S.K.: 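One structure, as structure tokens, below. Some questions next.
Fair warning: this is a prediction, and the values are worked out from it, not measured in the lab.
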Amino acid sequence: MVADPDSASVPSFCVVLPMFNEEDNARKCVSGIADFLRMEVAGSSIIAVNDGSSDATAVVLQELQKEYPELIVEGHSVNSGYGAAVRTGFEAAMRGEWDYALVMDADGTQNPEFIRGFYVPMRDGVDFIKATRYAHGGRVEGVSFKRRLISWVGNKLAQFALRTSLTDYTNGFRAIRTGFLPNLTTTENGFPVLLEEVHLAAKMGATFAEVPYTLGVRRGSESGSKFVYSISVYTTYLKYLFKR
């Protein structure tokens, strides 16, 4: 693979990976992202946040640090939720003084190659960049109709209520300028933090951009207990959809 010739001008960034019970998937996820970054952008790192996993995720991450010195491991002693793991990753990103914190899922559903799409809006200094399944060039592959329907409905509600330029609010693949993070004081510990982030950012006058990507299916054999989207999650979303 030949690196993007324009990647040298990309602002510095780290990849934040919230992880919960990713023993079987952590190696493939971290190595795939690390190998991509080594080919593309000098000085990038990965911040893996082990959110109180009850399996051997912590052990696997310790082993990976020997192979990938760019891997930084943060951890919670007990499972605190996706939102809490993201905040821990953001705190580490601010300490490291990267220009952007780029959050990805650790389940293999987001191909590292789609990181390239973030380069242009990063160079433009956009505050909040979201990958999207719904804008031109984005799509979903191998995901059940039920999950696609729940996601589509949730995102249409969010688009109507929050009235930003975004089309994909429930997707966790995003990059936020670290200079913007100190004021992005979220409180949600679960997946609703995704709506809370956008709600707060919009109130603060953030600039937004989207980049297309393809969401793949999670491999069941590579995953144990996960952060799960459900109807109850979207019920919690409602308070942000209609909050001013």
Side-chain angles (χ1 to χ4, degrees), residues 1-4 7 13-76 79 81-82 85-86 88-90 92-93 96 98 100-119 130-131 133 138-144 147 151 170-175 191 194 211-229:
M1 181 189 299
V2 178
D4 182 342
S7 62
F13 67 92
C14 60
V15 174
V16 175
L17 289 174
M19 288 190 169
F20 176 60
N21 287 353
E22 293 286 1
E23 173 184 357
D24 296 331
N25 201 46
R27 174 170 290 278
K28 184 174 183 180
C29 174
V30 170
S31 62
I33 295 172
D35 291 344
F36 172 83
L37 293 177
R38 286 179 174 183
M39 293 286 290
E40 290 280 308
V41 184
S44 294
S45 292
I46 300 169
I47 300 172
V49 182
N50 177 28
D51 186 30
S53 296
S54 57
D55 64 1
T57 297
V59 175
V60 175
L61 290 174
Q62 288 176 354
E63 294 173 351
L64 285 166
Q65 281 187 299
K66 299 173 185 177
E67 301 175 43
Y68 298 99
E70 62 268 47
L71 174 62
I72 299 165
V73 178
E74 299 286 333
H76 298 163
N79 179 239
Y82 176 80
V86 167
T88 295
F90 285 165
W98 286 278
Y100 281 88
L102 191 154
V103 187
M104 296 182 70
D105 292 341
D107 58 8
T109 60
Q110 297 163 349
N111 191 318
E113 291 188 1
F114 287 104
I115 292 174
R116 290 195 188 100
F118 288 83
Y119 294 170
K130 288 272 267 187
R133 298 160 281 182
R139 63 184 187 276
V140 178
E141 293 181 346
V143 177
S144 71
R147 184 181 174 191
S151 178
T170 60
N171 167 34
F173 193 5
R174 74 267 193 206
F191 271 114
L194 295 171
V211 296
Y213 92 111
T214 300
L215 173 68
V217 65
R218 185 197 310 274
R219 298 179 181 88
S221 61
E222 295 178 354
S223 301
S225 178
K226 298 291 177 186
F227 303 114
V228 178
Y229 287 106

S.K.: Look at the aromatic rings of Y213 and F114 and report parallel, tilted or perpendicular, splitting at 30° and 60°.
M.R.: perpendicular
S.K.: Looking at E22 and T57, what are the two nearest heavy atoms and their distance?
M.R.: N-OG1, 2.8 Å
S.K.: Go through the steps for N171 and L215 under the test side-chain contact (heavy atoms from CB on, under 4.5 Å), then give the verdict.
M.R.: CA-CA 9 Å; N171 167 34; L215 173 68; 5.8 Å; no
S.K.: What is the distance from atom CD1 of I46 to atom OH of Y68, rounded to the nearest 0.5 Å?
M.R.: 8.5 Å
S.K.: Looking at W98 and G43, what are the two nearest heavy atoms and their distance?
M.R.: NE1-O, 3.3 Å
S.K.: Taking the side chain as every heavy atom from C-beta outward, state whether H76 and F20 have any atom pair closer than 4.5 Å.
M.R.: no
S.K.: Kindly indicate whether the side chain of I115, heavy atoms from C-beta on, has any atom under 4.5 Å from the side chain of E40.
M.R.: no
S.K.: Side chains of Y119 and V41, heavy atoms from C-beta outward: is any pair under 4.5 Å?
M.R.: yes
S.K.: Should I47 and E74 count as side-chain neighbours, where that means a heavy-atom distance under 4.5 Å?
M.R.: yes
S.K.: Between T170 and R133, is any pair of side-chain heavy atoms under 4.5 Å apart?
M.R.: yes
S.K.: Rounded to the nearest 0.5 Å, what separates atom SG in C29 from atom CE in M104?
M.R.: 7.0 Å
S.K.: When you compare the side chain of Y82 with that of L194, does any pair of heavy atoms fall below 4.5 Å?
M.R.: yes
S.K.: Taking all non-hydrogen atoms of both residues, which atom of S54 and which atom of N21 are closest, and how far apart?
M.R.: N-OD1, 2.7 Å
S.K.: Which heavy atom of V30 sits nearest a heavy atom of L17, and at what distance?
M.R.: CG2-CD1, 4.2 Å
S.K.: Specify the closest pair of heavy atoms between R38 and P69, including all atoms of both residues, with the distance to one decimal.
M.R.: NH2-CD, 3.8 Å
S.K.: What's the shortest heavy-atom distance between A101 and V16, and which atoms?
M.R.: CB-CG2, 4.3 Å
S.K.: Using 0.5 Å steps for rounding, measure from the SG atom of C14 to the CD1 atom of I72.
M.R.: 7.0 Å
S.K.: Is any side-chain heavy atom of F90 closer than 4.5 Å to a side-chain heavy atom of V103?
M.R.: yes
S.K.: With a 3.5 Å distance limit and no angle check, can you tell me whether N79 reaches the backbone of D51 through a side-chain donor-acceptor pair?
M.R.: yes
S.K.: Donor-acceptor pair, distance only, cut-off 3.5 Å: does the side chain of D105 make one with the backbone of D107?
M.R.: no
S.K.: Quick one: are N25 and M19 in side-chain contact, heavy atoms under 4.5 Å?
M.R.: no
S.K.: Taking atom CD1 of I33 and atom CD of E70, what is their separation to the nearest 0.5 Å?
M.R.: 11.0 Å
S.K.: Do the side chain of Q65 and the main chain of L71 share a donor and acceptor less than 3.5 angstrom apart?
M.R.: yes
